[in-house]
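Have a look at the structure below before the remarks.
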2 protein chains.
Amino acid sequence: MPPTKKSTLVLVAERAGVSIASVSRVMNGLPASQQVIERVRQAADELGYVPDATARSLKAGKTDQIALAVADVGNPVYAGMMHEISRVVTKAGYRLVLSSTGIDPHVQIDLLSSLNRGFADGLILSPLRFTEELCVQLRASRLPIVIIGSLPAGIELDNVRADSGRGIALAVDHLVEQGRQRIAFINGPVDTAPGAARLNGYLRALTEQGRPLNADAQVNASDFTYRAGLKAANALLDQTTPDAIVCANDLLAVAAMKVIFKRGLRVPDDIAIVGMDDTDIADLAQPAITSVDLRSTKRARMAAKLLLRRLENPQAPVEQVVIEPKLVVRASSVSGCAEAEL
Amino acid sequence: MPPTKKSTLVLVAERAGVSIASVSRVMNGLPASQQVIERVRQAADELGYVPDATARSLKAGKTDQIALAVADVGNPVYAGMMHEISRVVTKAGYRLVLSSTGIDPHVQIDLLSSLNRGFADGLILSPLRFTEELCVQLRASRLPIVIIGSLPAGIELDNVRADSGRGIALAVDHLVEQGRQRIAFINGPVDTAPGAARLNGYLRALTEQGRPLNADAQVNASDFTYRAGLKAANALLDQTTPDAIVCANDLLAVAAMKVIFKRGLRVPDDIAIVGMDDTDIADLAQPAITSVDLRSTKRARMAAKLLLRRLENPQAPVEQVVIEPKLVVRASSVSGCAEAEL
DNA sequence: CTGTTAGCGCGTTCAT
DNA sequence: ATGAACGCGCTAACAG
């Protein structure tokens, strides 16, 4: 169905009876005589001419594209961050190129060498695992990179992260205040950056509260997903009987709640639940789930702004931002409140 | 932190003591003598050379990028589709460029003219509303476009859509079978393509069942989101007392359920709920929500494949696929089943 | 098998 | 104010 062939600067110039330079000027709003402007505009309209983005990129040395790589587009947290980043960079005149990297670090390494081929002007990356090879590639990149999440020592990149260990502590302290005695923990894979940080936070918080560390009270889901959460929760409840469960994210939390109901137990009466990320899921759930707000949209926005800043000024000093988590209390962790909520 | 400046074919050629053509050939695996291969490889390694994507695109006349435009990245349905499309096109060697267009059709029009500037080789578009101007632009595009969703008459583009009107009918019929008498309907904006189709399906299904059409039993959320759903559900229950509610998507359904609980009513005993899209949300909810599966990932996959097909063969005949919906029954619509589920 | 050359479409000096 | 010519980095066609 293509109405006409693609037209170029040369064709417009011929039709308007001027030089290609004049056409270029008119298209870019540079000074020209009224007469030339009109003839060019008309010729361009008639031919349906639009400047070619690729040629312009080659000339300008920039693509006006920003790459975003996240582990799992299906996770509401990442979806929300993507939305926010898309908003910010679009407003600044950039397009967003998406990579769903999954868990495999090798995909991210490929992405980094692609980036050096210059398909985008910069990258926002949120890696789950840092392999040695990934770190090498990160250091070797010539293009601006902003990391969302913790950064291993020795890597000097702009980055913005939440103190998720502290977030877990907020959850544990809250549950202790609520009089809960046996506070269990459903984590994701512990060999990931967030998994490690959250485990650390759990152990430290329990210790600071003077509580014993019970190995039976901890399980690791194979993944930060709902399905993995169902298995993990079943495993946990098979081996112990907690009166509270802290979960490493909202997906795991809602899975835990589901399993609890299936076993004829009640939330929060028998078991209190706290999730993490404060996504819509936590609010949608019945009862609504108390969750640690890791400020994902704020982190996303700051990451985008950090990248835009460095794009403008590549020499800017490295900036590392830590965002403080905040506990959002809902019915799933407060006895006597669930009914009121209903 | 950039270790060295960016290097080009010329630099590598100088260092290896060969011509740029030879370097190009080696990089592309074309025949060359063993000696040249080695020298080029070494020089390239030492300089950290990687071919420039933009220059290659200009030469090849293609960007290896596919654009995807959806209304709302925050909606789990779209997130899932995005995931699937990303999977398919990545495997075919394309990158995915994301546009979150929101509701405003003008953003999509801008996108189409951008597309004609050639920043991507093709586009997958899922528009909510078709304005006249959008249709004009769609027809005028030189690049392949695949539409997800219904298409207005007179537009000949590859497209794949679900029969959502039929989906609503499945829901209504199911509720009638369950003995429900007053089947209400929470729709999204009725001036959108999906909103119109679903309203149509609701009215027809009720008529075919010989039920009266009651204006009080229908409300339109201002948006297909959870928050809009809360308002709509409250409005509905303020003006009538249904014993079943069909919702235009899962977000609206879970919102309705939340409101029902807040009012001290039970699901499904007092009011049965059916959602649409069969996202994880439906399964996560408590009780789990019966939902019409519109095969979103299948639609996404087919859309991606249609686009890839046309990219390979621009002359291929236009293909329009309609996917049949399927009802997934869960606890929210079957009396006496909710407890069993618990 | 290898080097030279001509564009891909555009922005941008230089002259005029 | 305008036009001619060059180069961004790469690939492909043509010589040799």
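Lettering of chains follows the sequences in order, A, B, ..., and the numbering in each one begins at 1. Values below: all heavy atoms of this structure, side chains included; hydrogens, waters and symmetry mates excluded. No experiment lies behind these values; they were computed from the predicted model shown.
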Next on the checklist: Between B:Tyr78 and B:Val73, does the side chain to side chain contact (heavy atoms under 4.5 Å, CB included) criterion hold? Intermediate values first, please.
Outcome noted: CA-CA 6 Å; B:Tyr78 290 124; B:Val73 187; over 6 Å; no
Next on the checklist: Generate the contact string for nucleotides 9-16 of chain C. Rules: B means base contact, S means sugar-phosphate contact only, - means no protein heavy atom under 4.0 Å.
Outcome noted: BBBBB---
Item to check | Basic-acidic side-chain contact under 4.0 Å: A:Glu84, A:Arg87 | outcome: yes
Checklist entry - Charged N to carboxylate O below 4.0 Å: is that the case for B:Lys6 and B:Asp52? => result yes
Checklist entry - Does any non-hydrogen side-chain atom of B:Leu98 lie less than 4.5 Å from one of A:Val97? => result no
Next on the checklist: Is the shortest side-chain heavy-atom distance between B:Val136 and B:Ile109 below 4.5 Å?
Outcome noted: no
Next on the checklist: I'd like to check the side chain to side chain donor-acceptor pair (under 3.5 Å) partners of B:Thr54; sequence neighbours left out, ordered by chain and number.
Outcome noted: none
Item to check | Nucleotides bounding contact with chain A, strand DNA chain D, heavy-atom threshold 4.0 Å | outcome: D:dA1 to D:dG9
Item to check | Heavy atoms of other groups near B:Arg301 CZ, more than 12 under 6.0 Å | outcome: yes
